[in-house]
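Worksheet: one structure, shown below.
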Amino acid sequence: MLDIKFIRDNLENVKTGLGRRNGNNHDLDALLKQEEERRKGLQESEQLKNKKKKLSAEVGKLKHQGKDASKQMEEVKNLNVFIKELDEKIEELESVIHEKLLHIPNLPDESIPDGQDESSNRFVREWGRKPSLSTKPLNHIELGEKLDLIDLRRAAKISGARFAVYKGAGAALLRGLVNFMVDVQTQENGYEELYPPFLVNKASMLGTGQLPKFENDQFAMRDDPLYLIPTAEVPVTNFHREEILDEESLPICYTAYTPCFRREAGSYGKDTHGLIRQHQFDKVELVKFSRADESEQELEKLVQDAESILKKLNLHYRVMELCAGDIGVSASKTYDLEVWLPSQNTYREISSCSNFRDYQARRAQIRCKKRTGGKPEFVHTLNGSGLAAGRLFVAILENYQNAGGTVTVPDALRPYLQGRELLSL
RNA sequence: GGAGAGGUGGCCGAGCGGUUUAAGGCGCACGCUUGGAAAGCGUGUGUAGGUUUACCCCUACCGAGGGUUCGAAUCCCUCCCUCUCCGCCA
């Protein structure tokens with residue numbers, strides 16, 4: 001959420017910034033007019049309330065002295081009519097303004113490239129090299145089914161399309177990947193582990209920006225006002241919702257493993273086969289709460305922490321900086337990590353790392369007390385995948401495949417698979 | 001699911017309809033005091049909004065939302081959460 005006062009004081013900049021995004025049709029002039037009206041009404045109402053308070057106190061005094069107070073009582077009764085009317089108007093305006101603000105996306109960082117879609121994303125760096133596979137590479141579905149690591153047919157029977165059963169060594173590999181990633185982030189990169197609920201309330205979904213705009217993308221419970229989390233970002237960022245943190249404690253860095261649930265409405269044609277796009281997938285998430293003046297450097301560190309997993313697994317990847325038209329609504333700046341997939345002869349997103357600046361913090365009311373005194377300030381929130389386990393599973397099968405259709409276990413993972421070196425039948 | 005007890009500032013805790021301002025304590029900050037410290041004394045110490053160069057001032061907030069009243073932390077209603085006991089349960 002943007003600050004209404006900031007919009008008021010920087011109208012042209014806000015218009016320019018939002019204009020860099022796609023689908024920007026917010027009438028800020030109308031919004032500011034309503035805000036103006038709200039403030040006028042508020043001032044009037046507060047004056048009347050002040051008068052009312054003084055009169056009521058007089059009543060108390062007079063009654064105590066045994067004197068008549070009916071005149072004052074009558075006057076307050078009259079005032080109440082006006083106050084009620086004004087307050088109703090103010091409340092109406094407030095809710096309209098708030099609702100509008102909730103729908104306005106974050107301002108893109110000035111440094112990020114212009115552009116409508118991913119074709120304008122900026123290449124930042126790459127690491128490693130593509131594996132040299134002698135034969136035509138099999139895709140992860142062929143490998144997974146051949147080695148009996150996954151069962152998509154039975155998953156469809158149990159649940160439907162876009163679900164998977166991981167089986168035997170496949171299940172162990174997935175579980176090993178999760179443990180490996182959490183261990184690296186906690187033991188080497190300084191994150192504290194959280195294991196949060198997978199069902200969250202509406203306030204949490206509003207706090208991180210999944211609601212109200214993306215209700216359609218979420219799985220909701222039928223009988224309870226709860227949602228399945230689309231990412232651990234939701235419960236972990238909301239861990240500190242409505243709190244005032246100590247500036248000294250920042251940055252606070254959490255990592256959390258959770259499954260993630262997404263309806264994938266509107267992506268019916270995309271990645272229909274295999275593990276790339278699922279209704280349920282596992283992810284290790286990184287979340288940071290940072291001082292406002294440190295969030296830029298914290299984002300760079302967070303990206304490196306996500307990259308450290310790919311490096312340890314010796315997987316070729318590149319880092320892309322998303323253009324203004326391609327970043328999510330809550331984000332100000334985003335780097336994607338894209339891992340090489342031989343079967344698709346392309347790079348696929350395996351992590352998305354964003355700085356939300358104070359956008360989520362304002363929605364979720366997460367502030368910090370300044371050491372120098374003064375009013376508490378909103379913190380900056382950041383998060384990124386570190387990494388998506390399902391897609392990492394895909395990347396390992398495809399990049400570590402051997403000529404006979406077997407898959408070598410990367411060195412770093414062997415301790416998590418009882419020392420196993422090869423996946424074969 | 002049933003029964004009971006509660007939710008008050010950073011924390012503990014009083015207040016249960018009004019001589020308008022949430023007592024008191026702890027903690028914290030600053031000052032005085034001291035060779036230095038402790039103790040002691042003094043002052044200050046929430047959040048949001050409005051107004052303002054700033055100070056001040058004003059309004060709201062005692063779990064949340066309604067209601068009664070000239071006036072509500074206090075009375076009434078609904079909901080949420082916490083704790084205790086019982087039941088059920090991995």
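Quick note on labels: first sequence line is chain A, next is B, and so on, each numbered from 1. These numbers were taken from a predicted model, which means no experiment stands behind them.
Using P as the reference atom, B/U43 and B/G24 are 11 Å apart when rounded to the nearest Å. When the P atom is compared between B/C32 and B/A14, the two are found 37 Å apart, to the nearest whole Å. Remark: the separation of the P atoms in B/C55 and B/A38 is 32 Å, to the nearest Å. Taking atom P on both B/A72 and B/C83, the two are 33 Å apart, rounded to the nearest angstrom. Rounded to the nearest Å, the gap between the P atom of B/G9 and that of B/G65 is 15 Å. Taking atom P in both B/C16 and B/G63, one finds a spacing of 16 Å when rounded to whole Å. Nucleotides B/A22 and B/C11 place their C1' atoms 16 Å apart, quoted to the nearest Å. Distance check on atom C1': B/A64 versus B/G7 gives 12 Å, rounded to whole Å.
For the pairing with A/Q72, the side chain to side chain donor-acceptor pair (under 3.5 Å) check across A/E58, A/K61, A/K54 returns one residue only, A/E58.
Between A/H279 and A/F163, the ring planes lie tilted relative to each other; the angle falls in the 30° to 60° range.
No close placement of the A/F219 and A/Y227 rings is indicated, their centers lying 6.0 Å or farther apart. Close placement of the A/H240 and A/F289 rings is indicated, their centers lying within 6.0 Å of each other.
Considering all non-hydrogen atoms of both residues, A/A232 and A/T258 come closest at CB-OG1, 3.5 Å.
Regarding contacts with the backbone of B/G71, a side-chain N or O of A/N80 is found under 4.0 angstrom from either OP1 or OP2. Phosphate proximity of B/U69 to A/K77: absent, as no side-chain N or O sits under 4.0 Å from OP1 or OP2. A close approach under 4.0 Å does occur between a side-chain nitrogen or oxygen of A/K52 and OP1 or OP2 of B/G71. For A/R367 and B/A48, the shortest distance from a side-chain N or O to OP1 or OP2 is below 4.0 Å.
Partner assigned to B/G6 is B/C81, using Watson-Crick or G-U wobble distances below 3.5 angstrom. Pairing partner, B/A60: B/U47, with both Watson-Crick or wobble hydrogen-bond distances short of 3.5 Å. B/C55 makes up no base pair with any nucleotide shown, lacking Watson-Crick or G-U wobble contacts both under 3.5 Å. Using the Watson-Crick or G-U wobble rule with both distances under 3.5 Å, B/U68 pairs with nothing in any strand shown. Across all strands shown, B/A38 forms no Watson-Crick or G-U wobble pair with both key distances under 3.5 Å. Within the shown strands, nothing qualifies as a pairing partner of B/A22 under the Watson-Crick or G-U definition with both distances less than 3.5 Å. In a base pair of the Watson-Crick type (N1 to N3 plus N6-O4 or O6-N4) or a G-U wobble (N1-O2 and O6-N3), with each distance short of 3.5 Å, B/C88 is matched with no nucleotide.
Look at CG on A/N50: it is 15 Å from C1' on B/G49, rounded to the nearest Å. Regarding A/K369, its NZ atom lies at a distance of 10 Å from the C1' atom of B/C28, rounded to whole Å. For the pair A/K53 NZ and B/C70 P, the computed distance is 19 Å after rounding to whole Å. A straight line from CG of A/N201 to P of B/A64 spans 17 Å, rounded to a whole angstrom. In this entry the distance linking CZ of A/F82 with C1' of B/U59 reads 19 Å, nearest Å. In this structure, A/E88 places its CD atom 15 Å from C1' of B/G65, rounding to the nearest Å. Counting to the nearest Å, the C1' atom of B/G49 and the NZ atom of A/K375 are 8 Å from each other. Distance A/Q43 CD to B/A60 C1': 15 Å, rounded to the nearest Å.
In the set B/U59, B/U47, B/C70, the nucleotide with an atom closest to the side chain of A/K49 is B/U59. Taking the side chain of A/V59 as heavy atoms from C-beta on, and the options B/U20, B/G49, B/C70, the nearest nucleotide is B/C70. Listed nucleotides: B/G50, B/U47, B/U19. Nearest to the side chain of A/K61: B/U19. Which of B/G49, B/G18, B/U47 sits closest to the side chain of A/S56 comes down to B/G18.
Within 4.0 Å of A/K54, counting heavy atoms only, lies no atom of the nucleic acid at all. Residue-level contact check: A/Q72 touches neither bases nor backbone, having no heavy atom under 4.0 Å from any strand. Within the 4.0 angstrom heavy-atom criterion, no nucleotide atom of any strand lies near A/K67.
Contact annotation: the side chain of A/S308 approaches that of A/V184 to within less than 4.5 Å [non-hydrogen atoms, C-beta and beyond].
Remark: A/K301 engages A/E298 in a salt bridge, criterion side-chain N to carboxylate O under 4.0 Å. At a threshold of 4.0 Å, the pair A/D68-A/K71 does not count as salt-bridged, since none of the basic side-chain nitrogens sits closer than that to a carboxylate oxygen.
Each of A/H64 and A/E46 lies near RNA chain B, and the nucleotide nearest A/H64 is the one positioned closer to the 5' end. Checking A/E91 against A/S45, the closest nucleotide of RNA chain B that is more toward the 5' end is the one next to A/S45.
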